[in-house]
Amino acid sequence: MSNGNVRKAAVAGAFYPNDPAALSKMLAEFFNAAVKKPIAGRPVALIAPHAGYKYSGKTAADGYKQLLGEQYETVIVIAPSHTVFFQGVSVFDGDAYATPLGQIPINKKLAYKIGSISPSVYMSNKGHTGGAAGGEHSLEVQLPFLQQVLGEFQLVAIVMGEQEESTCRALGEVLVTALTNKNCLIVASTDLSHFYDQKEANRLDKNIQTAIEEYNSSKLLNVLSSGKGEACGGGPVAAALFASKRLGGDKVHITGYSTSGESTGDFSEVVGYLSAIVTSSKEAPLSDAAIGARAALARHELSKDDKAYLLGQVIETIKAKLNGTKLPDDIPSGKILNEKRGAFVTIKINGQLRGCIGLIRASKPIYEAVREMAQAAAFDDPRFAPMTKEEFASIDIEISVLSQLTKVHDLNEIEVGRDGLMIRLDFHSGLLLPQVASELGWDRITFLEQTCLKAGLSKNSYKDKIAEIYRFSADVF
């Protein structure tokens with residue numbers, strides 16, 4: 001991670017635990033209590049509260065739980081400034097944001113694009129660092145939730161110094177321009193009414209909720225300006241609604257509402273909290289990395305020499321393990337072999353499966369992934385005993401280099417012979433490579449059913465509204 005200009009956690013130990021283990025445990029408890037709803041479409045924006053986790057964490061998790069299984073190249077978090085006033089909108093100009101769970105790198109190319117389109121939206125550390133608490137809490141408290149549910153991602157951190165209607169619309173227009181055809185998530189940070197009794201808070205918050213649920217940024221701004229509702233992050237929410245709608249959002253789903261009184265037991269002066277997601281029926285744009293990987297496959301950049309090298313690495317890896325000698329450690333010079341992709345190694349003897357292990361996520365260079373999976377397929381596949389020297393002389397090797405996973409929103413997208421499948425439901429997941437369906441002559445439905453069975457699910461589980469289905473292609477040799 002970056003060692004440069006890192007915005008350090010400012011409110012860890014106050015708004016949420018400073019200890020990574022305690023923080024992870026608290027987040028896990030929130031997520032376990034939350035429900036992933038059978039909501040159609042792909043989440044493209046999210047609204048979440050930003051109070052201390054003991055007050056608003058449950059409601060935030062109700063929203064973030066809907067992101068399970070999703071992948072985004074970059075997350076844009078928009079938050080209000082509570083401690084420092086400044087004109088316009090500040091896009092963080094540093095290298096990373098840090099939380100107790102680690103550093104999140106800034107997507108500097110996208111950040112600078114967002115910060116260079118309108119004079120109202122500019123690169124700065126205003127609102128990000130300094131102030132009474134050492135930095136804005138309303139942005140920071142969103143990050144551990146995102147780390148827990150998404151894993152690795154890049155960040156663009158935005159703080160609004162003032163929330164005039166013109167500023168909200170300017171930010172919304174900038175985001176539309178900068179995020180078109182990019183696989184990004186927009187997160188708007190806001191609490192609702194402050195320090196009314198429970199009944200009055202519910203009344204005011206309902207007006208905000210209605211405007212959000214109607215996906216109407218103009219109505220939201222009117223409710224705020226008329227005093228019929230309150231939201232300290234109303235500007236970020238309006239900008240997120242405006243931008244996400246122009247970027248293909250179809251519908252807003254309220255995922256949670258509560259007040260601080262439900263945590264404290266004091267309903268005389270409460271703060272309101274709401275979470276919601278915006279979904280789109282359109283397929284996610286490919287990330288820059290996925291475009292590159294797909295283009296590479298389309299251009300057959302894995303040459304005959306590349307494939308021969310990888311097959312040789314499988315043989316040398318297994319041989320070294322059997323003989324107790326040094327495993328291969330050279331780094332190939334070819335550009336394609338150093339790209340990060342998922343890979344599977346399949347071993348057969350006399351046409352019968354002898355081992356198959358793979359790395360789904362594109363987290364390692366191809367050559368490294370293939371070496372590790374070769375060793376795992378030969379010696380660590382739980383279905384078989386470790387390979388012997390006698391067996392080694394008879395093995396056939398097949399390598400599958402994977403593209404990025406793409407979430408399936410319509411089963412008609414699946415093409416047998418081209419696509420592999422992965423299914424997730426609850427804590428079960430299963431994957432089958434593209435060649436499996438071709439070799440066995442399956443149709444699309446049989447392929448889906450068999451992938452469910454591979455996951456330890458009933459064969460019709462793919463019909464479950466909360467089942468997550470992914471497809472991918474593979475270069476098989």
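Source: prediction; values computed, not measured.
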Please confirm whether the backbone N or O of [Y] pairs with a side-chain atom of [X], one donor and one acceptor, at under 3.5 Å?
X: Asp205; Y: Leu192; value: no
X: His50; Y: Val141; value: no
X: His128; Y: Leu139; value: no
X: Asn107; Y: Thr74; value: no
X: Asp191; Y: Cys232; value: no
X: Ser275; Y: Gly256; value: yes
X: Gln209; Y: Leu204; value: no
X: Arg7; Y: Thr129; value: no

Within 6.0 angstrom of [X] [atom1], more than 12 heavy atoms from elsewhere:
X: Glu372; atom1: CD; result: yes
X: Lys58; atom1: NZ; result: no
X: Glu413; atom1: CD; result: yes

State, with a plain yes or no, whether a side-chain heavy atom of [X] is found less than 4.5 Å away from one of [Y].
X: Val271; Y: Tyr55; answer: no
X: Phe242; Y: Leu171; answer: no
X: Asn216; Y: Leu241; answer: no
X: Leu179; Y: Ile186; answer: yes
X: Ile106; Y: Asn5; answer: no
X: Asp95; Y: Gln103; answer: no
X: Cys184; Y: Leu110; answer: yes
X: Ser244; Y: Tyr215; answer: yes

Step-by-step side-chain hydrogen bond (donor to acceptor under 3.5 Å, both in side chains) determination, Gln148 to Tyr64: CA-CA 9 Å; Gln148 188 86 351; Tyr64 281 109; over 6 Å; no

Strictly below 4.0 Å, N to O, side chains only: are [X] and [Y] in salt-bridge contact?
X: Arg169; Y: Glu173; result: no
X: Arg203; Y: Glu200; result: yes
X: Arg471; Y: Glu415; result: no
X: Glu70; Y: Lys407; result: yes

Pair Phe145 + Tyr16: ring centers closer than 6.0 Å: no

Gln66 side chain to Thr255 side chain, donor-acceptor N/O pair below 3.5 angstrom: no

Tyr257-Asn202 side chain donor-acceptor pair, cut-off 3.5 Å: yes

Interatomic distance, Thr451 atom OG1 to Ile469 atom CD1 [nearest 0.5 angstrom]: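 The CD1 atom of Ile469 is 9.0 Å from OG1 of Thr451, to the nearest 0.5 Å.
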
Rounded distance (nearest 0.5 Å) linking atom CD of Gln71 with atom OH of Tyr470: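 OH of Tyr470 is found 7.0 Å from CD of Gln71.
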
side-chain contact (heavy atoms from CB on, under 4.5 Å) partner of Pro236, chosen from Ser138, Pro80, Cys168: Pro80

Qualifying residue, where the test is side-chain contact (heavy atoms from CB on, under 4.5 Å) with Ser81 and the options are Lys126, Gln163, Glu136: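 So the option named by the test is Glu136.
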
Minimum heavy-atom distance Tyr112-Ser116, with the two atoms named: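 Looks like O-OG, 2.8 Å.
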
